Amino acid sequence: MSITVREVTSVSEADLDKYTKLVAEAFHYDFFGGGMGNDKAMQEPMIRSHIAAALVPGEGELHVAEMPDVGVVGVATWFGPGQKYLQTDAQREAGWNQLMVMLPGQYRDWWANFLDEYDALVEKALGPGVKLGSYHLQLIGVAPEHQRKGVATALTKYAGAKAHAMRVPIVLETVGSTNVTIYKAMKFEVGGSGPLTAPPPAQGSFEMFVFIKHTENDEYEA
């Protein structure tokens, strides 16, 4: 079945709800769950804040993948060169600030620390300024019933073509051995990895992996 990808620049509330639920289901309502006290009621506000931030004019991009007679089966948010998730008040006010107010203080504190650790890890892995000069994949989700059909590959190839036209790489971060295997199969290279502090009440850390695909190269083929 063919897959088409397009960029969406504005959405209705109904479509925003639909895309949010699709991604939540893709993650089995466990996207960074530990950072929200494993409260599944927080999942949709969390994911919605990501999608809404990408829709801030001139700051991010929302891409959707569709199948004939099915509709949207995959969603991805990207931030192009010079842009970064949560770097502006407009992005934060699109849902992130409201989400943080809903969380107990220990989790708000964890997120503040996590975002700093996360930025430092990516800068160390890729080199100073590389992420900001790249197309960055912030969020991607595929409807469970359409996973392993090439939807995520189609979404990354669409962005890869845009990045290649601008002669910049695409980058992303992930956790978990399954995701590492998936991105390696999609010809991303590990730029580095490192430990980040686990959310409360857990002790210790978890490993985050930073990936890059050199779409800036002349010989790049989607």
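Quantities reported herein were computed from a predicted structural model and do not represent experimental measurements.
- The two residues Met186 and Ala152 have their closest heavy-atom pair at CE-O, 3.8 Å.
- Tracing side-chain contacts under 4.5 Å through hydrophobic residues (I, L, V, M, F, W, Y), one never reaches Val64 starting from Val5; they form parts of separate clusters.
- Each of Leu62, Thr20, Ile140, Val151 was compared with Val75 under the side-chain contact (heavy atoms from CB on, under 4.5 Å) criterion, and only Leu62 meets it.
- Judged purely by atom type and a 3.5 angstrom limit, Gln43 uses its side chain to pair as donor or acceptor with the backbone of Phe31.
- With no hydrogens or angles considered, a side-chain donor-acceptor pair links Gln83 and Gln87 at under 3.5 Å.
- Annotation: Phe209 is not in aromatic contact with Tyr183 [ring centroid separation under 6.0 Å not met].
- Judged by distance alone, the side chain of Arg48 and the main-chain N or O of Leu16 form no donor-acceptor pair under 3.5 Å.
- Aromatic rings of His50 and Tyr85 (six-membered ring for Trp) have centroids within the 6.0 Å cut-off, being under it.
- Here CG of Leu126 is found 12.0 Å from CG of Leu132. Values are rounded to the nearest 0.5 Å.
- Grouping the Ile, Leu, Val, Met, Phe, Trp and Tyr side chains by contacts below 4.5 angstrom, directly or via other members, places Val23 with Val11.
- Taking all atoms of both residues into account, the shortest heavy-atom contact from Leu22 to Val73 is CD1-C, 3.8 Å.
- The pair Lys131-Glu123 does not count as a salt bridge, with every side-chain nitrogen at least 4.0 angstrom from each carboxylate oxygen.
- Here the straight-line distance linking atom NZ of Lys213 with atom CG of Leu172 works out to 9.0 Å at 0.5 Å rounding.
- For Trp110 and Tyr107, the ring centers are positioned 6.0 Å apart or more.
- Under a hydrophobic-cluster definition in which Ile, Leu, Val, Met, Phe, Trp and Tyr are linked whenever side-chain heavy atoms come within less than 4.5 Å, directly or via other members, Val180 and Val175 are assigned to different clusters.
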Query - Derivation of the side chain to side chain contact (heavy atoms under 4.5 Å, CB included) call for Ile51 and Leu139 - result: CA-CA 8 Å; Ile51 297 173; Leu139 176 72; 4.3 Å; yes
Requested in this report: Let me see the working for Gln91 and Phe79 under side chain to side chain contact (heavy atoms under 4.5 Å, CB included), right down to the final yes or no.
Outcome: CA-CA 12 Å; Gln91 287 187 45; Phe79 289 85; 3.5 Å; yes
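- A distance-only check finds no donor-acceptor pair linking the side chain of Trp78 to the backbone of His63 [under 3.5 Å].
- Of all heavy-atom pairs between Ala94 and Ala53, the closest is CB-N, 4.0 Å.
- A heavy-atom distance below 4.5 Å is not found between the side chains of Met36 and Met102.
- Here the closest heavy-atom approach between residue Glu173 and residue Met208 is recorded as CB-SD, 3.9 Å.
- Here Leu196 contributes atom CG and Asp116 contributes atom CG; the two are 11.0 Å apart, rounded to the nearest 0.5 Å.
- Remark: the backbone N or O of Glu93 is paired with a side-chain donor or acceptor of Gln98 at under 3.5 angstrom.
- The closest donor-acceptor contact from the side chain of Glu25 to the backbone of Ala143 lies at 3.5 Å or more, if one exists at all.
- Here CD of Glu66 is found 5.0 Å from OG1 of Thr4. Values are rounded to the nearest 0.5 Å.
- Residue Gln203 qualifies as open at atom CD: its count of foreign heavy atoms under 6.0 Å is 12 or below.
- Note that CE of Met100 is 8.5 Å distant from CG of Asn97, once rounded to the nearest 0.5 Å.
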Report task. Quick one: do Ser193 and Glu207 satisfy side chain to side chain donor-acceptor pair (under 3.5 Å)? Show the steps, please. Result -> CA-CA 7 Å; Ser193 67; Glu207 190 85 358; 2.9 Å; yes
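- Remark: side-chain polar atoms of His164 are paired, donor with acceptor, to backbone N or O of Thr215 under 3.5 angstrom.
- By the neighbour-count criterion of 12 heavy atoms within 6.0 Å, atom NZ of Lys157 is sparsely surrounded, having that number or fewer from other residues, nucleotides or ligands.
- Atom-to-atom distance recorded for Leu55:CG and Tyr19:OH is 9.0 Å, nearest 0.5 angstrom.
- Nearest heavy atom pair, residue Gly133 against residue Pro169, reads O-CD, 4.5 Å.
- When atom types are taken as modelled, the side chain of Glu117 and the backbone of Thr197 share a donor-acceptor pair closer than 3.5 angstrom.
- The residues Arg167 and Asp218 are annotated as salt-bridged, a charged nitrogen and a carboxylate oxygen being separated by less than 4.0 angstrom.
- The minimum heavy-atom distance linking Lys40 with His28 is given by the pair NZ-O, 3.8 Å.
- Judged as a salt bridge (charged side-chain N to carboxylate O under 4.0 Å, His left out), and not counting sequence neighbours, Asp39 has no contacts.
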Report task. Could you walk me through whether Val171 and Val210 pass the side chain to side chain contact (heavy atoms under 4.5 Å, CB included) test, one step at a time? Result -> CA-CA 7 Å; Val171 300; Val210 183; 5.6 Å; no
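- Side-chain N/O atoms of Gln138 and Thr77 include no donor and acceptor closer than 3.5 Å.
- Lys149 contributes no side-chain N or O that, together with a main-chain N or O of Ile3, makes up a donor-acceptor pair within less than 3.5 Å.
- At a threshold of 4.5 Å between side-chain heavy atoms, the hydrophobic network of Ile, Leu, Val, Met, Phe, Trp and Tyr places Leu137 and Leu121 in two separate groups.
- By the rule that hydrophobic residues join a cluster once side-chain heavy atoms approach within less than 4.5 Å of another member, Phe188 and Val190 end up as members of one cluster.
- By the 4.0 Å N-to-carboxylate-O rule, Arg92 lies too far from Asp89 to be salt-bridged with it.
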Query - Residues Lys184, Phe211; criterion side chain to side chain contact (heavy atoms under 4.5 Å, CB included); working and verdict - result: CA-CA 9 Å; Lys184 284 182 176 179; Phe211 281 88; 4.0 Å; yes
